[in-house]
Engineer: 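Sharing a structure below in structure tokens format, with a few things to ask.
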Amino acid sequence: MSREFLINGVLALLLLAVPFIASAVGQPFTITLATRIAILALAATGLNIALGLGGLVSFGHAAFFGVGGYVAGILSSHAFSGDPMIFGFEGSKQMLLIWLTAAIVAGLLGLLIGVISLRTSGVYFIMITLAFAQMVYYFAISWPAYGGEDGLSIVVRNQFPGVNTMRPLTFFGVAYGALIVGLGLFAMIRDSRFGAALQAVRQNEVRVASVGISPLPIRLTAFVLSAMMTALAGCLYADLNRFVSPSMLSWHMSGELIVLIILGGTGRLFGPVAGAMLYVVIESALGGITERWQFFLGLILLATVLFARGGVIGLLAGKARHG
Amino acid sequence: MMLLDVHDIRTFYGSAQALFGITFQIEDGEVVALMGRNGMGKSTTIKSICNLMPPKGGRISIAGTATDRLPPHKVARLGIGLVPEGRRCFPNLTVHENLVAAARPGQWTLARVNALFPRLVERRDQLARSLSGGEQQMLAVGRALMTNPRLLILDEATEGLAPVIRQDIWRAIRTLKAEGLSILVVDKTLSELLPVADRCVVLENGQVAWTGVPQDLTADLQDRYLGV
Amino acid sequence: MAEPVLDIKGLRKNFGALKATDDVSISLYPGEIHALIGPNGAGKSTLIHQICGTLRQDQGSIRLAGKEIGNLGVAERARKGLGRTFQISSLAVEFSALRNVMLAVQARQGSSFRFLRPVRSDRNLVDEAMDRLSRVGLAERAHIPAGELSHGEKRQLEIAIALALDVKAFLLDEPMAGMGPEGSKVLTGFLAKLRQEAPILLVEHDMDAVFALADRISVLVYGRIIATGTVEEIRRDPVVRTAYLGDHA
Amino acid sequence: EPIKVGLITTLSGGGAGLGVDTRDGFMLAIKQSGNKDITVVTEDDAQKPELAVQIADKMIQSDNVDILTGIVWSNLLMAVVPGAVAQGKLYISTNAAPAALAGEKCDPLYFNAAYQNDNLHEAMGEYANKVYKKMFIMAPNYPAGKDSLTGFKRYYKGELAKEVYTQVGQTDYAAEIAQIRASGADGVFVFLPGGMGISFMKQYAQSGVKIPVIGPGFSFSQDVLPAIGDAALGVKASGQWSKDLDNEANKKFVAGFQKEYNRLPSLYALQAYDAAQLILSASSKASIKDVKAFAAALNKADIQSPRGKFKFNNNRHPIQDIYVTEVVKENGTLTNKIVEKVFTDHGDAYAKDCKK
Amino acid sequence: MTFSLVLEQLLNGVQLGVMLFLMAAGLTLIFGVMGLINLAHGSLYMVGAFACAVVAAATGSFWLGLAASLAFAAAAGALMEVVVIRRLYGRDHLDQVLATFALILIFSEGTRWVFGSFPLYLDIPQLLQGAVPLPGGTAYPLYRLAIIVTGGLVAIGLTLLISRTRLGMRIRAGESDREMIAALGVDIRTLYTLVFALGSALAGLAGAMVGALQSVQVGMGEPILILAFVVIVIGGIGSIKGALIGALLVGVVDTMGRFLLPQIVGLFMSSAQAGPVGGAIASMLIYLLMAAILAIKPRGLFPAQA
Ligand SMILES: Nc1ncnc2c1ncn2[C@@H]1O[C@H](COP(=O)(O)OP(=O)(O)OP(=O)(O)O)[C@@H](O)[C@H]1O
Ligand SMILES: Nc1ncnc2c1ncn2[C@@H]1O[C@H](COP(=O)(O)OP(=O)(O)OP(=O)(O)O)[C@@H](O)[C@H]1O
Ligand SMILES: [Mg+2]
Ligand SMILES: [Mg+2]
């Protein structure tokens, strides 16, 4: 436990320190990388609530990630162009308002998908969540109002009260802050009574029901919370790229989020962080060296599954303990 | 001839040691009772013999063949038939398929197993998943017999059986013994176990605490090692 | 006689052509141990499953403390006071023994939708769970993951979990199975006292335990109750002897 | 004076063939020029918009590139260009040319060396007027597909038998072919880029339906022809260039490409080749330090394009001739051959909206 | 819209279904029977298509290519099983997802490394070219009929293998408890390698046969993979009959959706909009179908234990 705690601390500090060092030595792009890591880690932390704690392998979380992105893109594009949306609402460029909207929209979508999907389990669940995400994906591709497959540009990054988000370091700060809050929420949920019930449901549903806890509401709540957090990351991601497109909704994205978690260590607090760091660093380092980078990325991922059970955190901190 | 020779084996679950040097032998045609309180290492010993839980130290040989580094299926083919703790029938196969999947040629055939457990004939095409506990237990024994073993290992094989059926199983065990099959048996019903056993091996905390013939297992010893 | 705590009337369940329970009526009175015996496959576990709701009955009523519970879900029935053990251990295998029990304590204490306080430091949960573990003699093994317990220890844990609930009636499906001779002896003594807390419907093949414990015995054969009576009556019943007991009488 | 060019293109995944041709065409021009001042950094976008943005940011912020180029796909271009020009970098498109960037939202720093997306479809519409009376038209259901059919209809004045939108990435076209058979059309216009086109043509040839197929040039470009095989023979397509155009620049390009890479160049290679030529020409006239001046130099388009005439419109998209080609077999290799010219000095429909 | 067109579309739907089944068959075997989520199944499909294209181009014989596709895919599958998959049976689905996702990357880039980025040429054999006339004046491609027949044969063969033979029983037993089947003396490791190779060979066969109708290129396996998963989930995992029916359902619904939806939508809006909107709904249709089926029958149409 304490060893994992130490590793988590080191990872958190490392992620925080790198952009400052980078900007000091004149490597501004590294800040973007670190921001990307923080955002992907947040998205994966959201998924980790459902997947790591609840054993709900959602292969459709890109839907929530992308919906977050589109909420950010649509609200800010309306605010920018001045055309009102529905109900005369003008859109907004305020991140806090956007986040709130994204969380609500994704929460409702999560509720809808969850109610239907949670009737199934195992591989059926994997596939039905994928199906829903694919529906959203195809909808976004062929729906012309917001760019369809071409996507939607956000001309100026949305605003966060009191700071200038166009400065890379500041925007990193916002993303990092969101990540830390997200991790805090994850830890809190994991250790709480709700978390205990959720983790038990993953291990043995019948047992949980037999002590008087209904599994479905527990799972559904976890799924919705998970969707909301991932959507929040989606908002940030859209702002980072100043662009959203259906590729944020594609099954590759869902797969990538899962990969981040397993790579880092399923169900571990800092699993998504470690996974995102490793993945993004490998991707950008290899991509610069060789055109065959995906081949080597594949080899590295493979080696991780085969030889580092429990992901990076598992490798460093040993087996997970469930107290 | 010596059928099974277990010498000083030490077995670990991860870093936790469960067996601390277990030694005993089974002769051809002998019935040995493996005894001890809950959690003393009986099942672990059995898993070690089958190489499902390979020991880290010591050695095991079956009919003279050392089993270290043999994969479990090769060990089984040396003549071990296992009825594991908790039955472990294949839930997604029917009763019939469970038996056929295990079959290896020999004197034990489907017909003979069915004669031993007529109940299995009634449930022939039902998935093992939906069998009653006792039916699963019969299936597990039948399945082990279908492999035509030289050494039958029964880990709590009568657990959860109705008294009449339990008598059937004990009767079957006695028949098997009379036919010269070697048996290693773990069971809590001493009143049935002791009369069939040729020898007892009593475990305590992963070590052999006592061995001897059943007659020598006095009430005093039973109280000490088994809490009876 | 007092009102029955658990009152089952005309329960039926068919699996295709098989009548797993066929018009079963059984009642459980305060303070008693009612043993349910019968050949393998007679439908005992199926009956327990129906009472707990893990299987839905085709017909019949189940009343607990005077209220119909036959159409509630598993969790709701448990909340109303059914404490059960499984014939084949069913535990949260990654959790320690302690956390398995804590989950039951938490369920009894109220809503699981609490997000703030860490369970680890929640004395309300830990102390009570520890207490239940010591009652079944598993206190020393509290921090071992349930999946790593030996077979017998898992059985003990099943009971500890049932004890942690606010139980009006215990349904124990072969609690002795897998316990060694000593374990059986201890458990027998334990159940004898437990009936003060709530009556027990005991499914068991260990006749020594049944004869020592039961106030009444019902015999289930092919889904039907063929006899109900005291230990002596059942022991003497010729049909029961041939169908079930054999020499063990 | 050194110039650093960032080439972002697709080198892995299903669309890699196009990116490889883009890169090779671009590098060929640099090599032929012998200019040592221009350095090119190349990276793979794996056809993912986010990755393209990330690479663009990296090239701008860390590699300090002066000019970006190379993106094949409209959706990636839309993700990268607004950010790049906002940071004061030049972008020269080697292929993608979405309407959005040609009209109102055009930008002084954004150039297109290929065409405007609608051009080749418009040319086919014009051509169809002469040859067919009733057309069946079909494209994938995404913005480029809709633009394609819109472009076609902008010039085609005959009767439409049917307008069909297929799924993006669809591989089986039996249902569409049955509709073609039943439609009573005397011509079929399809825009199905990449693998979709290959699948369609093979299945169409098998179906026994004999109605002639026409399409925009990139559906029958050199990179896909070998895979379609003889099923493509006789297909008419439009293009602003073909390898048999008779001019010096084209001979130099085609021969150079074949010598360097041992295969025939495609449309994508040509477009990237011209993009590189534009940079080379501008670099001799202006300093990259002064982006405005450099852009003005680019706008002169003082190059010998293998396609012949080449100049920029007010929206910095090409004004050029567009031809109809036919797929033929030359020495056992399938290739396109020019049959006629449809448009002379053709611009695009959006230029009038570009005020910047 | 004539009756014969509707009929032809129905036939197209059935044929697409059988084609999907051919692709799903190997997946059902590995996924349904061995319980392994193999995302790299699409890569084996690609290997089959490439092997067929290369050998057919070199020798001029499609049939040799077909044989090569079986051999190469089986070999690739066996290799994959021995080196990677074997270590994953005991693990949960997540590790399998990650490992086989990694395999996709390796296979795709590896193939591109060897064959370059351009699609390969593969045409259907002389023997199966042309169309057979159908009643009602239309014609139907002979090759597609051949695919239907092959799919049918594979379905029958697999069903028999899995449900009737002792081999099949042992494979299924291994799915639920590998340790136990080994303890009964069955060499489950080798058996699984064989099954995996068989499943791979079927993927390769599908790749070669379907590849002749489509574009043979890197990444061709991915869209197919998702469809194949949809098919076996609708049908009920582990059920070959389910996979067949699921495939037919998906094929017919997808084809009819693409054909009819734009026309139905056209009743409500202008024809210029109806195309894209109808097309958009059509592309979501099979996923809607799947969600609807699973919402009603959470374990698919033919749950394995039935
Ligand atoms: N999978 C496991 N992982 C870790 N420890 C285990 C595991 N299985 C058993 N043990 C431990 O090994 C010791 C011996 O267990 P074993 O199952 O061999 O006992 P046993 O004598 O068969 O008991 P029982 O009569 O209860 O079946 C016990 O302390 C148990 O907790
Ligand atoms: N889901 C099911 N489908 C079909 N048959 C079933 C199903 N579940 C149980 N059965 C059958 O119903 C009968 C009763 O089973 P049950 O488990 O209740 O027996 P039991 O009395 O508990 O036996 P035991 O003492 O051996 O545990 C058995 O014959 C069993 O095979
Ligand atoms: Mg044991
Ligand atoms: Mg039972």
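Every value quoted in this text rests on a predicted model; they were computed, and no experiment measured them. Lettering of chains follows the sequences in order, A, B, ..., and the numbering in each one begins at 1.
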Engineer: Heavy atoms only: give me the nearest D57(D)-T32(A) pair and the separation to one decimal.
Structural biologist: OD2-CG2, 4.1 Å
Engineer: Please determine whether the number of non-hydrogen atoms from other residues, nucleotides or ligands lying under 6.0 Å from atom NZ of K105(D) exceeds 12.
Structural biologist: no
Engineer: Checking A79(D) against chain A: side chain, backbone, both or neither under 4.5 Å from a heavy atom?
Structural biologist: both
Engineer: For chain A, find which of N75(D), T42(D), V168(D) contributes the most heavy-atom pairs closer than 4.5 angstrom.
Structural biologist: N75(D)
Engineer: With sequence neighbours left out, write down each residue that passes side-chain contact (heavy atoms from CB on, under 4.5 Å) with S23(A), or none if nothing qualifies.
Structural biologist: I31(A), L169(A)
Engineer: More than 12 heavy atoms of other residues, nucleotides or ligands under 6.0 Å from CD of E104(D): yes or no?
Structural biologist: no
Engineer: I'd like to verify something: which residue of I55(D), L76(D), L51(D) has the highest number of heavy-atom pairs under 4.5 Å with chain A?
Structural biologist: L51(D)
Engineer: Which answer fits S153(A), side chain, backbone, both or neither, if we ask what part of it has an atom under 4.5 Å from a heavy atom of chain D?
Structural biologist: side chain
Engineer: Evaluate whether atom NZ of K355(D) has more than 12 neighbouring non-hydrogen atoms of other residues, nucleotides or ligands under 6.0 angstrom away.
Structural biologist: yes
Engineer: Measure distances from S284(A) to the heavy atoms of chain D and classify the residue's part below 4.5 Å as side chain, backbone, both or neither.
Structural biologist: both
Engineer: Heavy-atom pairs under 4.5 Å with chain A are the metric here; pick the option from K146(D), M59(D), E50(D) that has the most.
Structural biologist: E50(D)
Engineer: Among Q27(A), R36(A), M248(A), H252(A), which residue has the highest count of heavy-atom pairs closer than 4.5 Å to chain D?
Structural biologist: R36(A)
Engineer: What part of F243(A) gets within 4.5 angstrom of chain D, counting heavy atoms only: side chain, backbone, both, or neither?
Structural biologist: side chain
Engineer: Check whether K58(D) gets within reach of chain A through its side chain, its backbone, both or neither, counting any heavy atom under 4.5 Å.
Structural biologist: both
Engineer: Y237(A) versus chain D, heavy atoms under 4.5 Å apart: side chain, backbone, both or neither?
Structural biologist: side chain
Engineer: For W293(A) and D44(D), which heavy atoms make the closest approach, and how far apart are they?
Structural biologist: NE1-OD2, 3.0 Å
Engineer: What heavy-atom pair brings S245(A) and P49(D) nearest, and what distance separates the two atoms?
Structural biologist: OG-CG, 3.4 Å
Engineer: Is any side-chain heavy atom of R242(A) closer than 4.5 Å to one of P82(D)?
Structural biologist: no
Engineer: Would you mind telling me which of I141(A), I154(A), L152(A) has the largest number of heavy-atom pairs within less than 4.5 Å of chain D?
Structural biologist: I141(A)
Engineer: If every non-hydrogen atom of S74(D) is compared with every non-hydrogen atom of D150(A), which pair is closest and at what distance?
Structural biologist: CB-OD1, 3.6 Å
Engineer: Show your reasoning for whether side-chain contact (heavy atoms from CB on, under 4.5 Å) applies to Q54(D) and L33(A).
Structural biologist: CA-CA 8 Å; Q54(D) 184 190 326; L33(A) 273 192; 3.3 Å; yes
